[in-house]
Each structure stands twice: as structure tokens, then as C-alpha cells.
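Just below is one structure, and these are the notes that go with it.
Numbered from 1 within each chain, the chains take letters A, B, ... in sequence-line order. Worth knowing before you read on, the calculation uses all heavy atoms, side chains too, and leaves out hydrogens, waters and symmetry mates.
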2 protein chains.
Amino acid sequence: MGTTQLETVPEPKYWHLKTVLGEALDSEFTVGEILPNERELAARFGVARATLRQALEQLELEGRLQRRRGVGTTVAPPRLGVDVSATGAGGPGAPEDAWQPLDCALVAPPAAVARLLETGPSEEVHAVRRVRSTHGQCVAAELLYVPAASVPDLPAIETPSGPARARSVLRELQRAGVNGQDRSVELGSARADDAKELDRLPGAPVLVVTTRYLVDGRTAAVSLATYRADTCRLTFGDTGEIEISDDPQRERRAS
Amino acid sequence: MGTTQLETVPEPKYWHLKTVLGEALDSEFTVGEILPNERELAARFGVARATLRQALEQLELEGRLQRRRGVGTTVAPPRLGVDVSATGAGGPGAPEDAWQPLDCALVAPPAAVARLLETGPSEEVHAVRRVRSTHGQCVAAELLYVPAASVPDLPAIETPSGPARARSVLRELQRAGVNGQDRSVELGSARADDAKELDRLPGAPVLVVTTRYLVDGRTAAVSLATYRADTCRLTFGDTGEIEISDDPQRERRAS
DNA sequence: GAGTGGTCTAGACCACCTA
DNA sequence: AGGTGGTCTAGACCACTCA
């Protein structure tokens, strides 16, 4: 036992920092409050800025902080519970929670999607772009891939693209009689276009929800929806909305 | 339009690197193959090691790489589809996919769990620790919180802890007649103890599945299961198992 | 002991936002 | 224009694995 440290593994600095900062957030800060800037925090804790940033990154990943370039770092509100259960392709959705179709195009789907659709390697399909908003905030961007065979009655060429076309495709898919679906969730990083919709930088962590829409057991469409991982909690149950009833009005630091 | 760069935003180096490396992985590497070490890769691309690491980090987050200290960086296999739908507290589970109880203790649950359980602030509950293995690999670590009130017939003090005690609690919970559940999924980072079970470093990205087990509409237990985000894809549908049928035996570099 | 990835430093410059 | 977070560098040392 001479040279070996006895059972005390030296914790990385950034990990310890994260713990300390996390506790400070609980006790000394309120939601929305602005933290001191990174250079000052680093100096205050006696570490390099890169180390401090590593701790902040983790806290942001856990949804406890929100950082915006040119603005600052703020304390994040608790994650939004977003229902991802049975709301279908054009699901009803509460007034404050809705999908908004943006566009439509004919594209060759990515390989992973083509495999699920069981279409040929370079067969073009309709790609409907939608975004989902909850409580006035954009939380998800989606690409819905619909093979032409799934919407046989779609008018040929009314308008080649745009929201109207997107709505047509959705309507026809609905009419086809979707009667089943299965989903999977995995971690990903936002592509440039998704990042833009979600108001994040490219590469931001996202939860990718892949949905197969079934018509009589056959895959009629596939959707790739990317949810902001920092601000969202995906709920699946029927009574999923477990909101923490905090007093809505909290002290905010006067500026 | 004099000083502004005309529509060409300079892509960050690490982002471009990630793209290049990603394409190389698709075309020039096979699953399990070892990449050159970080210092050499950085030199080869003419960037600092930190920048190269930023690209590798992203690829690891997306499940395309696997890095292990002291060993090296390897090409990761496609993510495992792990079913997270209706397998109950002591669910049946396929032979190759099972939960294994490890331990049991009486603890005061974290605040978030206490809120879901609707127990008092410092009321102690049973905490059962389990790990889940699929295809011989540990993919998840779970803490199941069971209030004493939910398992009234639990023998008082047979053994205070250990796997046997854990199994008793699970059996009694099952007997209580769980008839509902709801789940939520969010991004988190592995705590030290979870990281150990999952063979990852603390702070590794995980998908946290929170499950409420219901008995006649009342919350009887709450489970926090952390799945390795790098290697797992959580599936929810009924026919969720969409496996890419690769040849199971692949060439691995001889050492 | 040699080689790997993980942590950390002290700087620099850039892109973005607000005023 | 000044301040913020985001990117990048060139080094150093540490913890771990394996032969």
C-alpha cells in the first residue's frame, strides 16, 4: 500500500465540477436565470475553460442548462413531456400540440428507410416534412417517407411541392387505412436541416423516433422524427402527462 | 454583398471530419475492425487531436464507433433492438434476453421518484437492482423502487439484502396484480454505479426509461432503467424486431 | 513497458447576439 | 462595439490494457 492510492480513485475535475454546479443549480438558481459567463466560471473554479465547458456540456445534455451563442447560459426548465404514443400520421393532437406540414418532395430515401419500406434501392418516394410544436415551442422535425404505391389516388401533379402538396399526401395516406404502427427510439445527432428547425446547432443530441405505419400488416410509410433531446421527455403511456406542479410564478433575478 | 461570405458558411472542421470518417466507415471498414489511433488519425487529417476527438465523439454518440481506453477505437455493429414494450416487472423474456436481480436495499428514493410514488419526503422504500442482458451483453441497469405498502405480504426479515431478497420483492409485486404501466424515455448520463454495470465510463450517454407500474390505477412501483445509448435502439411496437440479417460470422483482424 | 484513449491547460480566433 | 458561447491548437500528463 505504499504507492497505490487507497481505494480513492481521483475523480475527474469536470465530473466533480458537474456535481458542484448541479447542486448549486438546485439551491441557488431559479429557472431562466443567467449564469456567469464561461471565462468567469472557469476562473472562479480555478480550471481551464475547456474543463469548465466539459461540465456544462454534461449538464446541458441532462437538460439542466441551456446555452446559446452570443447570449449566455441559462437554467433550463424541467423537460417537456411529449406524447409519442398513438397519435397517428395526421393525429388529432391537442390545440397546443400539433404537427405542421411544411413541404413535400420526391426523393430517393436513405438506405435504412428503403430497407423498412421494402422498396427498390433507388425508387423515389414522397417525403413530407413536418415540424411539431408544443406550448409554442418547436420540439421535433420529421421526415415522413410515403411510397407512391401507398397513396394510389393521389392527384398526379397539382402542385409539385409546398404545404398543400404535403397535406394531400397525408390525407391520402390516412385514407389508405393505417391500422397499426411500431416505433423505436434511439440517440442521434441533428443533421444540418433538422438543427435549423429545432433552433440548435448541427450535431446537437436528438432522440430519433422511427415509426412504421402499417396497412394490413404491410409497411405503408416510414417516419423519422427527431426530437430535441435536451428539452424533451418522450412519453408512451396513456396517462403520461406527469407534470410537476410548481408554483408558476417564481422569483427571477432582476437585471 | 461586399464583406459577407456569399452563402458558403464555413463548416466546422470536426463536422466535416465526421462526415469524411463516416463515409470511410461505410466503404472501407468492416464491423469490429480497429481504426488507427487518435494521434495518427489527427496527423493524417492535419488537425489537432482534440478536434479529431470531437469528430470521434459524435460518431460514437451515433453508435458507429466504440472506444475503449487502453485498447483502441473499433467499428461498432448496428445497434441492438431492445424491446421495451409490455414485458412486466418480472416479465417472461426470451431465453437470450432477461433481467437478472442483483440486490435489494431499503433507501429513501430520489425526489423525482418520491413524487411519482406519492410517498413522503423521506419514507424508505425497497430498491431492487437489476441488470438486463441481451445476446450475452449487458445493455441496461435498473433501479426498481417499491414502497412497502405495495408488497404487504413480504416476509419481514428473511435476508436483509442480496438477490434472494430482490426476487422476493419482485414476486410479491407481481402478486399484487400489476395491471397497467406507462413509460417515458429521456436522455441522461450514466451515474458511476450504472456506468460500472454497463462497462462504460461515468457520464456516458444513456437512455433513461422511467416506468410507473399501476395497480388499479394507483402507482405501485417506479423503475428507472438506464440503457446504453450508444449500442441500443429501444423498440416499442409489437413487431419491433427488425434485425438486419447479416452473416453472423465476420472477419476480424487477427492480432 | 509500450500503446491506447481520457483529462487538462492556456492560449487564440471565430460566429453570433444585443445594444 | 463589446460580450457570449463555439471552434481549434499544441502541448502535457494520467489511467487503463495487454503482451
Side-chain angles (χ1 to χ4, degrees), chain A residues 3-5 7-18 33-43 45-61 65-76 189-190 192 195-196 199-205 230 255, chain B residues 3-5 7-18 33-43 45-61 65-76 189-190 192 195-196 199-205 230 253-255:
Chain A
T3 56
T4 69
Q5 65 251 335
E7 77 178 335
T8 59
V9 190
E11 211 175 31
K13 274 189 188 176
Y14 80 90
W15 185 258
H16 182 241
L17 246 183
K18 189 198 118 176
E33 196 172 341
I34 301 178
L35 268 64
N37 71 54
E38 297 184 347
R39 289 160 180 89
E40 181 175 338
L41 277 178
F45 286 104
V47 298
R49 192 177 153 220
T51 305
L52 185 268
R53 276 180 61 80
Q54 220 173 333
L56 293 185
E57 246 152 56
Q58 285 245 349
L59 288 168
E60 192 182 27
L61 204 76
L65 289 181
Q66 210 158 338
R67 298 194 285 175
R68 273 183 304 167
R69 170 152 53 175
V71 180
T73 302
T74 57
V75 181
S189 48
K196 200 170 178 184
D199 189 29
R200 303 257 41 193
L201 290 179
D230 54 346
S255 63
Chain B
T3 56
T4 70
Q5 66 249 333
E7 75 179 337
T8 60
V9 190
E11 210 175 29
K13 274 189 189 176
Y14 80 91
W15 185 259
H16 182 242
L17 246 183
K18 188 197 121 179
E33 197 172 341
I34 301 179
L35 267 65
N37 71 54
E38 296 184 348
R39 289 161 180 87
E40 180 175 338
L41 278 178
F45 286 103
V47 299
R49 194 177 151 220
T51 305
L52 186 269
R53 276 180 62 80
Q54 220 175 334
L56 293 185
E57 245 153 56
Q58 284 245 351
L59 288 168
E60 192 181 26
L61 203 76
L65 289 180
Q66 208 158 342
R67 298 193 286 175
R68 272 183 307 167
R69 170 153 49 176
V71 179
T73 302
T74 58
V75 181
S189 48
K196 199 168 178 183
D199 188 29
R200 304 258 36 189
L201 290 178
D230 54 345
R253 199 183 110 193
S255 62

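Contact annotation: side chain of A:R39 to base of D:dG5, donor-acceptor pair present below 3.5 Å. Donor-acceptor pairing under 3.5 Å, judged by distance alone, is absent between the side chain of A:R68 and the base of D:dG6.
Going from atom CD of A:E57 over to atom CZ of A:R67 covers 5.0 Å, rounded to the nearest 0.5 Å.
For the pair B:N37 and C:dT4, the criterion of a side-chain N or O lying under 4.0 Å from OP1 or OP2 is met. The phosphate of C:dG6 (OP1 or OP2) has a side-chain N or O of B:R53 nearer than 4.0 angstrom. The phosphate of D:dT9 has OP1 or OP2 within less than 4.0 Å of a side-chain N or O from B:T51.
In this structure, NE2 of A:H16 is placed 16 Å from C1' of C:dT7, rounded to the nearest angstrom. When the C1' atom of C:dC16 is taken as reference, atom CG of A:D199 falls 12 Å away, rounded to whole Å. Remark: C1' of D:dC14 and NZ of A:K13 are 13 Å apart, rounded to the nearest angstrom. We find that CD of A:Q54 is positioned 15 Å from C1' of D:dG6, with the value rounded to whole Å. Taking atom CG of A:L17 as the reference point, atom C1' of C:dC8 lies 12 Å away to the nearest angstrom. A straight line from CH2 of A:W15 to P of C:dC8 spans 12 Å, rounded to a whole angstrom. Following rounding to the nearest Å, A:E57 (CD) and C:dT7 (C1') show an atom-to-atom distance of 13 Å. Atom OH of B:Y14 is separated from atom P of C:dC14 by 18 Å (rounded to the nearest Å).
Closest contact between the side chain of A:R49 and the listed nucleotides C:dC8, D:dG5, C:dG6 involves D:dG5. Distances were taken from every side-chain heavy atom of A:P12 (C-beta onward) to each of C:dT7, C:dA10, D:dC8; the shortest belongs to C:dT7. Checking D:dC8, C:dG6, D:dG5 against the side-chain heavy atoms of B:R69 singles out C:dG6 as nearest.
Across all strands shown, B:L56 has no heavy atoms under 4.0 Å from either base or sugar-phosphate atoms.
Among residues two or more places apart in sequence or in another chain, the side chain to side chain contact (heavy atoms under 4.5 Å, CB included) test is passed with A:R68 by A:V71. By the side chain to side chain contact (heavy atoms under 4.5 Å, CB included) test, B:Q58 is found to be paired with A:S189, B:Y14, B:W15, B:K18, B:E62, residues two or more places apart in sequence or in another chain being considered.
Around the CG atom of B:N37, the shell of radius 6.0 Å holds more than 12 heavy atoms that belong to other residues, nucleotides or ligands.
Mapping A:G70 and B:A50 onto DNA chain C by nearest heavy atom places B:A50 closer to the 5' end of the strand.
Scanning all heavy atoms of the two residues, the minimum distance from B:E60 to B:L65 falls at CG-O, 3.5 Å.
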